[in-house]
2 protein chains.
Amino acid sequence: MTELAEPKRARGRPKKTEGERDDGNRRQALISAAAQLFHLKGYDATSTREIAAQVGMQAGSPFYHFGNKQDLLLAVMVEGMKQAIERQRAACAAQGKDLSAREQLRTLIRNQFDVLLGPDSDFIPVMLYEWRSLNDAQRQTITRIKDDYEAAWTPVLQALHDTGQLQAPVGLARLMIFGALNWSVQWYEAPSTTSPSSPTRRATLDELTESALQLFLPDRAAAAAT
Amino acid sequence: MTELAEPKRARGRPKKTEGERDDGNRRQALISAAAQLFHLKGYDATSTREIAAQVGMQAGSPFYHFGNKQDLLLAVMVEGMKQAIERQRAACAAQGKDLSAREQLRTLIRNQFDVLLGPDSDFIPVMLYEWRSLNDAQRQTITRIKDDYEAAWTPVLQALHDTGQLQAPVGLARLMIFGALNWSVQWYEAPSTTSPSSPTRRATLDELTESALQLFLPDRAAAAAT
DNA sequence: CCTACCGATCGGTAGG
DNA sequence: CCTACCGATCGGTAGG
């Protein structure tokens, strides 16, 4: 199952074209493999040997790139957050500034589902569910980055609160909304390779976004019609 | 920190009053200790030796009560769900049948916060976050019990949907609401023993309930006033 | 980055 | 439920 992910190598260690440093390349491969395995089996249940094997290394080699297993976990989370922040920035920038707060929230939610469930979505779930395995210093590092990510949500929620569209306290609302979205990692079904068209097709990320928006910001007109 | 939880014992093994079988007692003690440690450190990071030590047993003794570590994990989850279902049944029964769907949802949410964050709240978080460590047969067992627990929510949400108070599809709404509530395990601060009155007092479970209700079922009158 | 290796820990068992 | 124990695995290291 992992053969495709392995770099091709002609027996033994990969001969690198001389003069070219691809340290970053191998390091990245370790981070990606770790993200995949940590997501699938959990941090504690994944051995550094498995990670090494997945990228075609020997048992001790990951420790040439990372001081210890915990540092590798941190690298997975940092990498994931960097991607998430960049995607969020791009998504918000792409829609201009004069949209309604409701539309801005839609964009943020849609991006969050993408980060959680879309392609290359192993990193953030690891961050969400392996927090416990970090040490204090590492937690501080991640907290700083996460605060940066979440900062984009506060003004939008505040605006909705000011207009009465969102009645719950902004701080708690943010936590509960993140909970509702993040929890999807637990139940959203990965696209199954078996059963080409399953009887109950799973919702698309757009449908999830729409439902979340309906849940948190019900449509006034539709509600009044009752 | 765990001394208080340990049964008092006068050196060595506890001398049981003769004729009295307290197998259930020791078994329960193991389940409680396991719940505590699994919640605090995670399943994989908790050794059966630690659990044994916490109840004053020797390293191999837990395996007199449980075939293996996984079975102990299952027992923690089953015990937690039994308690949760019983509490939910009692909470719903205590309020009669002719309350509005909104009030019924309030009761369900309040009970869920209690199960997640109140006293003896180690069991359900373990169930929520250690699902991965179960085998297939065990997952089926828990799924059945969990379906039973969640069944109480569906008619309430359906009623709210029928009246237009809840616009999102009932199934997705249930998943997202559970997510919003369950996620609180990650951020809700345990009562700190230090700092007698912290500057930003943490919300009470009643306040959390009210905010959640505001988030999912905003008050019509308040919204219309804007 | 590989080879060869080590100390520690862990789940679990036999036999009482 | 304790005593005594084992096989397996794991994170990590020295030395090249």
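Chain letters run A, B, ... following the sequence lines, proteins first and then strands; every chain starts at 1.
When the side-chain nitrogen and oxygen atoms of A/Q58 are compared with OP1 and OP2 of C/dT3, one or more of them lie within a distance under 4.0 Å.
For A/F38 and D/dG11, the CZ to C1' distance is 12 Å, given to the nearest whole Å. One atom, CD of B/E50, and another, C1' of C/dG11, lie 13 Å apart when rounded to the nearest Å. Per the geometry, CE belonging to B/M57 stands 16 Å off C1' belonging to D/dT3, to the nearest Å. If you take OH of A/Y64 and C1' of D/dG16, they are 13 Å apart, rounded to a whole angstrom. When the P atom of C/dG12 is taken as reference, atom CG of B/L30 falls 14 Å away, rounded to whole Å. Between the CG atom of B/D44 and the P atom of C/dC10 there is a distance of 12 Å, rounded to whole Å. The nearest whole Å value for the distance from the CD atom in A/Q70 to the P atom in D/dC10 is 18 Å. Protein atom CZ of B/R26 is 10 Å distant from nucleotide atom C1' of D/dC1, rounded to whole Å.
With contacts defined as side-chain heavy-atom distances shorter than 4.5 Å, the pair A/R106/A/Q95 does not qualify. When side chains are defined from C-beta on, A/Q54 does not count as touching A/S32, because their heavy atoms never get closer than 4.5 Å. Here the side chains of A/I177 and A/L157 are in contact, with some heavy-atom distance below 4.5 Å.
With distances taken from any side-chain atom of A/K69 to the nucleotides D/dC1, C/dC1, D/dG11, the minimum falls on D/dG11. Looking at the side chain of A/R49, the nearest of the listed nucleotides D/dC1, D/dG12, C/dG12 is D/dG12. When each of C/dC1, C/dT13, D/dG12 is scored by its nearest atom to the side-chain atoms of A/N68, the top-ranked nucleotide is D/dG12. For A/F63, counting side-chain heavy atoms from C-beta on, the closest listed nucleotide (C/dC1, D/dT13, C/dG11) is D/dT13.
Taking the ring centroids of B/F178 and B/W153, they lie under the 6.0 Å cut-off.
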Taking Watson-Crick and G-U wobble contacts under 3.5 angstrom, with | marking pairs to another strand and [ ] crossing pairs, the secondary structure of DNA chain D is written ||||||||||||||||

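In this structure, A/S47 reaches the sugar-phosphate backbone alone: every heavy-atom distance under 4.0 Å involves primed, P, OP1 or OP2 atoms, never a base.
A salt bridge links A/R110 and A/D114; the closest N-O separation between the charged side-chain nitrogens and carboxylate oxygens is under 4.0 Å. B/E130 has no carboxylate O lying under 4.0 Å from a charged side-chain N of B/K69, or vice versa, which leaves the two without a salt bridge.
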Could you give the side-chain donor-acceptor pairs of residues 71-83 of chain B under 3.5 Å, partners two or more places apart or in another chain?
residue: B/D71; atom: OD1; partner: B/Q138; partner atom: NE2; Å: 3.4
residue: B/E79; atom: OE2; partner: B/Q83; partner atom: NE2; Å: 2.8

